[in-house]
There are 2 protein chains.
Amino acid sequence: MRAAEETFSYRYPHPAVTTDVVVFTIRDGRLSILLVKRANAPYQGNWALPGGFLDIDEDLDTCAARELQEETGISGLYLEQLYTFGTTDRDPRERVISVTYYALIPQDALAVPRAASDASAVGWHDVERLPALAFDHAQIVTMAHRRLVAKLNYSTIALQFMPEAFTLSELQCVYEALLNQTLDKRNFRKRILALDLIEETGRQRRTGKHRPAREYRARHPERVEIIK
Amino acid sequence: MRAAEETFSYRYPHPAVTTDVVVFTIRDGRLSILLVKRANAPYQGNWALPGGFLDIDEDLDTCAARELQEETGISGLYLEQLYTFGTTDRDPRERVISVTYYALIPQDALAVPRAASDASAVGWHDVERLPALAFDHAQIVTMAHRRLVAKLNYSTIALQFMPEAFTLSELQCVYEALLNQTLDKRNFRKRILALDLIEETGRQRRTGKHRPAREYRARHPERVEIIK
DNA sequence: TTAGCATAGTGTTTTCTATACACTTTTTCA
DNA sequence: TGAAAAAGTGTATAGAAAACACTATGCTAA
């Protein structure tokens with residue numbers, strides 16, 4: 001906490017800088033994002049992206065990860081800078097530049113996120129049925145969604161949605177949710193296996209009254225590679 | 001000009017925000033960028049990207065265009081946001097967040113850029129033979145170059161390098177400079193014409209002692225479209 | 001005037017990649 | 001032990017990309 005009377009002065013006016021993060025996951029086969037309900041004005045009671053002001057001595061990436069951790073308890077996920085939004089009127093309080101990120105989180109890491117001080121609630125929302133969002137956050141989500149879908153076709157980003165071990169059918173479901181269309185099972189498997197990015201764990205997954213599926217894992221779980 | 005004693009105070013420290021621009025063109029069949037020689041500390045005498053501090057009441061895009069105009073006299077070109085750089089130590093004076101852009105300028109628009117107050121010189125530099133750059137500008141150039149080359153393959157961005165009228169051979173030279181490889185003439189023409197993005201002007205270009213080439217123009221010179 | 005030089009302009013064949021498509025296997029449970 | 005449910009598997013076709021070489025046209029200089 002800072003002393004109430006302390007201020008920081010500059011020869012020229014400076015904007016405030018924030019980071020905001022679009023966190024994607026697949027819930028029940030639907031692409032969903034994480035939103036927090038704003039506890040304070042402006043846009044009090046509205047849903048918004050998790051985010052907040054940059055500390056003067058922290059890197060942008062660190063800020064995005066920290067805010068996400070503080071507001072939702074989520075950490076250790078794939079995080080990539082998206083775009084910087086800075087029109088003069090985007091925040092009624094003062095001039096605010098928002099450096100936005102998007103993040104991908106595996107399906108199984110869905111410990112229900114906890115709300116922090118400046119959020120009265122946190123929750124996942126189907127990206128096709130979003131509530132009205134605060135500030136220009138709807139625009140940010142749209143851009144993040146487009147970037148994610150585009151990146152499916154020339155990178156291994158989809159693997160970031162997968163837990164440590166997964167089946168090919170599960171991976172196909174992720175692609176189908178993102179592309180919003182069904183894919184041919186044989187062609188999908190051929191393509192994915194030809195990339196040589198995943199390998200069998202040797203174990204099997206038994207669920208339901210049917211043939212068990214082989215488990216796979218990513219060869220380089222941390223890396224998102226550009227392919228082709 | 002601002003009164004010397006005027007200052008701007010905030011409850012929390014704010015970073016400074018700048019925009020920097022990587023301006024590309026093709027000179028003599030080589031991809032080149034525009035650099036300014038710094039007139040003041042830090043990095044005085046070093047080459048750097050054109051750019052400068054954001055006015056508190058201007059949009060980011062406007063700032064990038066304005067700084068470019070002020071420092072080099074260049075305006076009206078294709079400008080796209082690239083990435084935001086913000087590590088804590090990238091400027092020795094104070095915490096500075098740089099929202100970077102890249103721009104493309106046609107070959108014939110090469111009125112020699114004029115240097116402004118805070119630049120002692122301005123000049124084009126072959127992107128393969130750059131001098132040492134100030135700040136983290138080398139990193140910015142690398143990222144811009146990569147983005148530009150990637151975009152060649154799925155957008156019509158190369159047309160932004162072309163003057164109002166151009167020949168297919170000239171356009172092919174641009175692709176070859178960017179990809180750093182020669183292309184088959186017939187396949188190139190087939191591909192470009194199939195996209196239906198350019199049309200004949202009806203005129204011809206006579207240069208040298210050989211058959212004149214047909215002139216073409218872009219159907220939508222302002223637009224950069226995603227293709228395929 | 002004409003020969004030769006320099007760049008413009010043009011199609012077809014081959015190879016590779018992407019798509020369409022249906023049945024068998026394995027396990028569980030009633 | 002048979003029915004249900006998802007896993008797993010190969011081939012044929014169509015479309016896209018790549019390889020490849022000669023003719024056309026205007027200029028210049030002898």
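Here is the naming used below: chain letters follow the sequence lines, and residue numbers restart at 1 for every chain. Predicted, not measured: the structure shown is a model, and the values here were computed from it.
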Just the rounded figure in Å: distance from P of dT9(D) to CZ of Phe188(A). 14 Å
Atom-pair distance (CG on Leu193(A); C1' on dG10(D)), nearest Å: 14 Å
Donor-acceptor contact present, side-chain Glu71(B) to main-chain Leu68(B), <3.5 Å: no
Ignoring hydrogens and angles, answer whether the base of dA24(D) and the side-chain atoms of Arg211(B) contain a donor-acceptor pair closer than 3.5 Å. yes
Closest nucleotide among dA7(D), dA20(C), dC20(D) to the Ala213(A) side chain: dA7(D)
Name the residue closer to the 5' end of DNA chain D, choosing between Arg191(B) and Lys185(A) according to the nucleotide with the nearest heavy atom. Lys185(A)
Winner on side-chain proximity to Arg189(B), out of dG9(C), dT9(D), dA18(C), is dG9(C)
Rounded to whole angstrom units, what separation is found between the CD atom of Glu170(B) and the P atom of dG9(C)? 11 Å
Compare every heavy atom of Glu200(A) with every heavy atom of Arg217(A), then report the nearest pair and how far apart it is. NH2-O, 4.0 Å
Separation of dT13(C) atom P from Asn187(B) atom CG, nearest Å, is 15 Å
Atom NE2 of His210(A) and atom C1' of dA5(D): how far apart are they, to the nearest Å? 6 Å
Would you say Arg214(A) reaches dT9(D)'s phosphate, i.e. side-chain N/O to OP1/OP2 under 4.0 Å? yes
Applying a 4.0 Å non-hydrogen cut-off, can you work out what Ser169(A) is touching in the nucleic acid: base, sugar-phosphate, or nothing? sugar-phosphate
Assuming nearest nucleotide by heavy-atom distance, tell me which of Gln204(A) and Asp184(A) is located more 5' along DNA chain C. Asp184(A)
Candidate nucleotides dA24(D), dA5(D), dA6(C), ranked by approach to the side chain of Lys209(A) - the nearest: dA5(D)
Note: Asp196(B)-Arg219(B) ion pair, threshold 4.0 Å (strictly below): yes
Separation of atom CD in Glu215(A) from atom C1' in dA7(D), rounded to whole Å: 14 Å
Can you figure out which of dC27(D), dA5(D), dA22(C) approaches the side chain of Arg206(B) most closely? dC27(D)
Rounded distance (Å) that lies between atom P of dG8(D) and atom CG of Leu171(A): 13 Å
Between dT27(C), dA22(C), dG26(D), which nucleotide gets closest to the side-chain atoms of Pro212(A)? dT27(C)
Do Val96(B) and Val17(B) make a side-chain contact, defined as non-hydrogen atoms from C-beta onward lying under 4.5 Å apart? no
Would you say the ring centers of Phe166(A) and Tyr216(A) fall short of 6.0 Å from each other? no
Can a donor-acceptor pair under 3.5 Å be found between the side-chain atoms of Lys190(A) and the base atoms of dT11(D)? yes
Over how many whole Å does the gap from Arg186(A) atom CZ to dC23(C) atom P extend? 10 Å
